[in-house]
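Side chains included, hydrogens not; waters and symmetry mates left out as well; all remaining heavy atoms used. Numbers restart at 1 for each chain; the letters A, B, ... are given by sequence-line order, proteins then strands. Keep in mind the model is a prediction, meaning the values are calculated, not measured.
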2 protein chains.
Amino acid sequence: MILTKTTEYAVRVLIFMAHEERGLFTARYVHERLRIPYKYLTRIMTDLAKQGYLESIRGRAGGFRFQKNLNKITLIKIIEAVEATDGFDKCILGLEDCSDENPCALHFVWEKTKKEFMKNLSNTTLADLVSIEIKKF
Amino acid sequence: MILTKTTEYAVRVLIFMAHEERGLFTARYVHERLRIPYKYLTRIMTDLAKQGYLESIRGRAGGFRFQKNLNKITLIKIIEAVEATDGFDKCILGLEDCSDENPCALHFVWEKTKKEFMKNLSNTTLADLVSIEIKKF
DNA sequence: CATAAATACTACACAAAAGTAGTATTTTTA
DNA sequence: TAAAAATACTACTTTTGTGTAGTATTTATG
C-alpha cells in the first residue's frame, strides 16, 4: 500500500472540492458524491480544518470551504498533514540508518523512484489539478 | 508504508541468503543474523518454500536453501508472492478501474514513476544483487 | 531407541488503522 | 422558541498486520 485509506480520502475530498464550484460543502454531500463512510469523513474534514486547509462553518447552514488559495496547497503538504507515519521517507526494507553512504540492497532503486515521486507531489498544487479534466473522484 | 513488514522480511532474508555461501540456512541462524522475530520468520520461510522459492529440509539437520536459480528470481516476483495486497499495482487513490484511459486525478503523477520502479524490480534478480557489495541486511 | 534440533501447524495476543454509534454543541429557520 | 441540520467530540467495534506460545512431525545422532 502506498497511501493509507485516510490519506486517500483526504486527497480525494480536496481534489473534488477544488473541482466543483460551490460555496460550501457539507460532509453529507461529499459523502454522497464520493461514497466515503460518512462518520469517518467528518473526522477527516474536521481534521483538515484544524490543519488550516479547510475552514469549517458550524450550525444548520454549515459546511466546509477552502481556507487557503488552491495554488498554495501542494499534494505533498496534504499527504504530510494527514499521513500518520513519515510516509515515504524511510528505508524501503525498514532498516535504520539507510543512506547513500550506508545503503541497503534496494536503496538506490527506491531512492530514485521516491525522489521523483516526491518532486511531482511537491510541484503539483490543487490549482494545477483543477485545470485538467477529471472524470472520477 | 510502502511494503508490509512481512515483505520487508522476505526480501531481506532472500537477499541475505543469496549473498552468503552456505549449503543450508536454518531459521534460527537467519534470525540471529537478521534479528527478525524467530517464530514469525519461520512462517515466512515456510511460506517461501511453499511458493517454490526455497526448498525446505525437515529434521535435525534441516534448513532452507534456494530451489530456483538466483537469476530466475526477480524482486517483483518475491514481493508479489508475499505481499497480501497487489502492492504497487493499484490506483494510488484506491479507485476501481483506474487506467490511462480512465484515470484518477493523480494517475499520471504516479504512473510514470511507478512503471519505472516496477520495471527496475522486474529486471533485478537476486543474482544481480549478489554482484554488488551490501553491508546491511 | 531416546534425545535433540529442525520444520510445520494451530491458536491466541497485541497494536494500529478503519469504521460505527451516540451525544454535545452550534446555528438557521419555521 | 423549538425543531432541524450542520460540525465537534468521545467511545466503542471491527479488521488486519504483526508477533508470541505451544505442540506436532520429521530426521540425525549419541
What's the closest nucleotide to the side chain of [X] if the choices are [options]?
X        : options                  : result
Lys50(B) : dC9(C), dG22(C), dG22(D) : dC9(C)
Lys39(A) : dT20(D), dG22(C), dT7(C) : dG22(C)
Thr4(A)  : dA6(C), dA18(C), dG19(D) : dA18(C)

Provide, to the nearest angstrom, the distance between the [atom1] atom belonging to [X] and the [atom2] atom belonging to [N].
X        : N       : atom1 : atom2 : answer
Gln51(A) : dA8(D)  : CD    : P     : 13 Å
His31(B) : dT20(D) : NE2   : C1'   : 13 Å
Leu41(B) : dG17(D) : CG    : C1'   : 17 Å
Glu8(B)  : dG17(D) : CD    : P     : 14 Å
Arg28(B) : dA5(C)  : CZ    : C1'   : 9 Å
Tyr40(B) : dT10(C) : OH    : P     : 17 Å
Leu24(A) : dT26(C) : CG    : C1'   : 14 Å
Ile36(B) : dG17(D) : CD1   : C1'   : 16 Å

Has the side chain of [X] got a donor or acceptor atom sitting under 3.5 Å from an opposite partner on the base of [N]?
X        : N       : value
Arg43(B) : dT20(D) : yes
Arg60(A) : dT27(C) : no
Arg58(A) : dT27(C) : no

Task: Axial cation check for Phe16(B) ring with Arg33(B), 6.0 Å and 45° limits - done: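 Relative to the ring axis of Phe16(B), which defines the angle, Arg33(B) lies outside at least one limit.
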
TODO: May I ask you to check if Arg35(B) and Phe137(B) form a cation-pi contact, with NZ or CZ under 6.0 angstrom from the six-membered ring centre and within 45° of the axis?
DONE: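 No cation-pi geometry.
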
According to a strict under-4.0 Å criterion, is [X] in side-chain N/O contact with OP1 or OP2 of [N]?
X        : N       : result
Thr46(A) : dA8(D)  : yes
Ser56(B) : dA8(C)  : yes
Thr42(B) : dA6(C)  : no
Tyr9(B)  : dG19(D) : yes

Open item on the list: Does atom NZ (Lys68(B)) have a neighbourhood of more than 12 heavy atoms from anything else shown, all under 6.0 Å?
Closed with: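 Counting neighbours around NZ of Lys68(B), more than 12 heavy atoms of other residues, nucleotides or ligands fall under 6.0 Å, so yes.
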
- [ ] May I ask you to check whether over 12 heavy atoms, not counting those of Lys77(A), lie within 6.0 Å of atom NZ?
- [x]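 For Lys77(A), atom NZ is not crowded (no more than 12 foreign heavy atoms under 6.0 Å).
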
- [ ] Using a 4.0 Å heavy-atom cut-off across all strands, classify Ala27(A) as base, sugar-phosphate, or nothing.
- [x]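 Result for Ala27(A) = sugar-phosphate.
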
Open item on the list: Classify Tyr38(A) by what it touches in the nucleic acid, base, sugar-phosphate, or nothing, heavy-atom distance under 4.0 Å.
Closed with: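 Touches a base.
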
Open item on the list: Enumerate the salt bridge (Lys or Arg N to Asp or Glu O under 4.0 Å) contacts for residues 45-62 of chain A, please, sequence neighbours excluded, ordered by first and then second residue.
Closed with: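 Of all non-adjacent pairs touching residues 45-62 of chain A, those that pass salt bridge (Lys or Arg N to Asp or Glu O under 4.0 Å) are Glu55(A)-Arg65(A).
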
